[in-house]
Amino acid sequence: MGQLTPDMIMVLVMIGLAIFLFIVEWVRVDVVAILMMVALPLLHLVTPKEAFVGLSSNAVVSIIAVIIIGAGLDKTGMINKLVKPVLAVAGTSTSRIIVAISFTVAFISSFMQNIGAAALFLPAIQRISKMQKIPLSRLLMPVGFSAILGGTITLVGCSPLILLNDLLIPFNLEPFGLFDVTPIGLALVASGIACFILLGRFILPQGECQGTEDNEAFCTIDGLEANEEEVNSHYELTTSEDFMDYRDPVRVEDLRRRYLVNVLALTEPPDFKTLSPSPESEIRAGVDLVVCGRKKDVERMALAEEMELKETIDCYSSEFDTATSGTVEAVVSPRSQFAGLTLAEIRIQDRFRVTPLEIHRQEETYRAEIDSIALQTGDVIRLYGTWKRLESLHRESGLLFSMPSDLEEMRPEKALWAGGWLALSLVMIMVFDIQLSVALMTGALGMVITRVISIDEAYQSVDWRTIFLLAGLIPLGIATQKTGTAEWIAGSILNVIGDVTPIVLLTVIGILSTLFTLVISNVGATVLLVPLVVNMAIAANVDPRMAALVVGLATSNSFMLPTHQVNALYMGPGRYRTVDFIKAGSLVSVIFLVVMIAMISLIYGI
């Protein structure tokens with residue numbers, strides 16, 4: 001093992017800085033990657049050309065193309081059409097529901113982003129939970145884990161596997177084919193689902209399901225109750241002619257704070273109907289208003305404020321027709337621009353004219369003073385508004401929720417084009433051996449030309465933070481290999497573990513990759529570890545391609561903490577706690593490593 005050089009020391013410092021910033025999250029992960037991209041050439045650890053080579057790499061272009069293809073398929077409704085037959089096959093058995101939905105989500109994740117597949121089925125799973133009286137906590141985690149595992153089925157299923165072949169180029173190693181990982185990925189998906197089917201009652205939080213007199217089911221976890229029908233009932237009231245006499249002004253926000261009642265519509269002088277009025281709107285004498293809340297709270301408000309409670313929705317009957325307006329549950333996605341902000345800071349009512357009714361966070365439901373609650377990833381916000389305004393919010397906010405299908409701007413007539421371009425891309429890769437990025441970008445461009453998706457929609461669909469994260473970390477991997485740092489670290493680790501068999505070495509690499517991906521992004525872990533493990537394998541006379549493959553797969557072994565985007569997305573709706581992920585994720589992670597090493601040994605003869 002050689003001596004440390006000044007360049008190697010600087011690379012180690014940069015790696016340590018990157019890992020530290022990933023963990024403490026003082027700045028976003030993509031900003032950390034851009035910092036590496038700029039700092040490395042300034043320190044003369046890489047050339048300027050090498051610093052920006054990631055932006056034109058095969059992996060980055062492939063990820064952009066995969067995202068656009070996935071957006072095109074979603075725009076045609078092809079993916080949505082899978083939901084109904086899957087639910088029909090699932091029936092009423094909890095086990096069959098988990099198996100059917102999990103395998104479907106895993107299949108979709110094999111060629112599009114797993115966060116998209118997970119978000120697609122979230123509303124359907126919530127409906128199944130109510131209809132079949134199954135606690136949501138018993139359904140979401142198995143499906144979420146399957147979405148992550150589905151990314152290991154093909155080489156385009158997740159960013160680490162897309163990146164893998166690019167990282168093998170400096171070592172002149174044979175690249176992997178599109179379906180080389182498929183047997184391993186299918187075994188991982190099957191073992192993960194089997195784990196929940198056989199052991200789910202021991203590792204999943206057990207909720208309780210109850211029913212109302214109207215057979216409206218709702219689920220509770222650890223005693224948490226939510227009778228949705230009662231909470232979201234609408235009532236029309238009229239204020240008295242002397243409502244404003246001898247009193248301080250009453251505003252919309254006052255009624256929510258005092259009575260847990262949300263004002264959905266309000267008549268303002270002379271006779272102007274306002275839907276989703278702002279919290280500062282003043283309620284005047286002799287006007288009609290529509291509120292949402294529990295009947296006992298509305299009756300208490302009517303008595304205290306001397307309002308007349310009508311038997312039915314009268315003046316606002318057309319505005320509250322289900323074809324015009326309704327209620328949705330919006331989930332704060334892991335990268336939503338609203339995360340960390342309060343509803344007051346967002347000015348959601350002023351900007352979008354929708355009314356937030358309540359916020360669900362893990363085991364708590366908040367209805368009073370929700371404007372001052374800072375939103376977190378996985379929070380579920382119940383919103384009321386016209387479908388047009390909710391659609392506007394959906395497009396701009398980064399919130400995940402499902403609009404009624406007949407109101408979305410879908411293009412089902414383009415489904416054949418979308419499927420054809422996807423098939424063409426796969427044929428180009430498998431039959432004609434065309435480079436992954438070229439084949440996938442052909443499919444993405446085809447979807448734009450045939451108007452499956454517009455060019456603006458294609459640009460908007462791309463998660464540019466992921467792109468810059470990947471492109472910015474590639475030069476760090478180059479510096480690690482170029483300066484000999486990877487070889488030095490590999491030698492140090494081998495000196496510690498001594499002479500081991502190939503199976504033991506690959507297991508150590510799998511454990512190391514799993515630990516890295518829990519604290520930093522899977523892309524960052526892959527870029528940092530592949531040069532390292534390839535050098536370790538070469539020094540130990542083990543197939544370096546298998547060592548790299550273990551990293552590409554094991555960086556998807558991110559189940560023990562809610563740090564993965566899919567876990568963060570499902571944490572709020574499922575009312576999960578971190579301890580729930582540790583309990584179930586630890587077992588799934590162990591099974592993942594055992595199955596992965598066994599399948600690699602079986603297929604490649606290690």
Side-chain angles (χ1 to χ4, degrees), residues 54-83 104-120 147 150-166 175-182 185 394-395 405 408-468 470-471:
L55 291 170
S56 61
S57 70
N58 176 65
V60 167
V61 175
S62 297
I63 290 175
I64 292 173
V66 165
I67 293 173
I68 294 174
I69 289 173
L73 293 171
D74 187 47
K75 202 67 178 177
T76 64
M78 284 184 66
I79 305 300
N80 285 320
K81 290 177 181 177
L82 290 174
V83 176
T104 304
V105 169
F107 169 72
I108 296 171
S109 293
S110 68
F111 58 86
M112 68 179 287
Q113 286 187 309
N114 46 32
I115 184 70
L120 173 69
T152 64
I153 294 177
T154 68
L155 209 66
V156 297
C158 62
S159 299
L161 288 177
I162 294 176
L163 179 62
L164 193 58
N165 281 341
D166 276 23
F176 290 96
L178 180 63
F179 295 108
D180 283 356
V181 296
T182 300
H394 190 196
R395 287 196 305 268
S405 58
E408 287 193 70
E409 189 184 348
M410 306 297 285
R411 303 185 184 108
E413 72 279 1
K414 298 291 185 179
L416 287 178
W417 279 112
W421 287 114
L422 173 61
L424 177 62
S425 297
L426 298 178
V427 169
M428 292 172 68
I429 296 167
M430 294 183 293
V431 178
F432 298 102
D433 198 26
I434 294 176
Q435 184 169 297
L436 191 67
S437 57
V438 177
L440 292 173
M441 191 55 75
T442 300
L445 178 61
M447 289 194 177
V448 172
I449 292 174
T450 54
R451 298 184 180 179
V452 173
I453 185 172
S454 71
I455 188 64
D456 288 334
E457 289 169 338
Y459 288 145
Q460 291 168 7
S461 68
V462 177
D463 186 352
W464 295 105
R465 283 177 282 195
T466 298
I467 300 305
F468 274 93
L470 179 57

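Positions are given from 1 along the sequence.
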Name every donor-acceptor pair, under 3.5 Å, that has one atom in a side chain of residues 153-161 and the other anywhere in the protein, sequence neighbours excluded.
{"from": "Thr154", "atom 1": "OG1", "to": "Ser110", "atom 2": "O", "distance (Å)": "2.4"}
{"from": "Thr154", "atom 1": "OG1", "to": "Val156", "atom 2": "N", "distance (Å)": "3.4"}
{"from": "Thr154", "atom 1": "OG1", "to": "Gly157", "atom 2": "N", "distance (Å)": "3.4"}

Under the side chain to side chain donor-acceptor pair (under 3.5 Å) test, residues paired with Thr450 that sit two or more places apart:
Trp421

According to the side chain to side chain donor-acceptor pair (under 3.5 Å) rule, which pairs have a member within residues 436-449, sequence neighbours left out?
Asn58-Ser437, Gln435-Ser437

Compare every heavy atom of Thr152 with every heavy atom of Gly185, then report the nearest pair and how far apart it is.
CA-OG1, 3.3 Å

Between CG on residue Leu440 and CG on residue Leu445, distance to nearest 0.5 Å:
12.5 Å

Listed partners of Tyr459 passing ring-ring contact (aromatic ring centres under 6.0 Å, His included), at least two apart:
none

Residues passing the side-chain contact (heavy atoms from CB on, under 4.5 Å) test with Arg465, sequence neighbours excluded, are Arg28, Asp30, Arg335, Asp463

Which heavy atom of Gly72 sits nearest to which heavy atom of Ile453, and what is that distance?
N-CD1, 4.1 Å

Min side-chain heavy-atom separation Leu73-Met447 under 4.5 Å:
yes

For the student: nearest non-hydrogen atoms of Ala65 and Met441, plus distance:
CB-N, 3.6 Å

Could you tell me the separation between the CG atom of Leu178 and the CE atom of Met430, rounded to the nearest 0.5 Å?
6.5 Å

Residues Lys414 and Arg451: closest non-hydrogen pair is CE-O, 3.8 Å

Would you say CZ of Phe179 has more than 12 non-hydrogen atoms from neighbouring residues, nucleotides or ligands within 6.0 angstrom?
yes

Report yes if some heavy atom in the side chain of Val66 is under 4.5 Å from a heavy atom in the side chain of Phe111; otherwise report no.
no

Run the side-chain contact (heavy atoms from CB on, under 4.5 Å) test against Ala59 and tell me which residues pass, sequence neighbours left out.
Ser57, Ile162, Leu163, Asp166, Leu470

One pair to check against side chain to side chain contact (heavy atoms under 4.5 Å, CB included): Leu436 and Ile429. What are the steps and the verdict?
CA-CA 6 Å; Leu436 191 67; Ile429 296 167; 3.5 Å; yes

For Ser109, enumerate each residue passing the side-chain contact (heavy atoms from CB on, under 4.5 Å) test, keeping only those at least two apart in sequence or located in another chain.
Val105, Asn114, Ala117, Ala147

Exercise: identify the closest heavy-atom pair between Ala444 and Ile68:
CB-CG2, 3.8 Å

Could you list the residues that satisfy side-chain contact (heavy atoms from CB on, under 4.5 Å) with Leu416, not counting sequence neighbours?
none

Residues Ile67 and Ser461: closest non-hydrogen pair is CG2-O, 3.2 Å

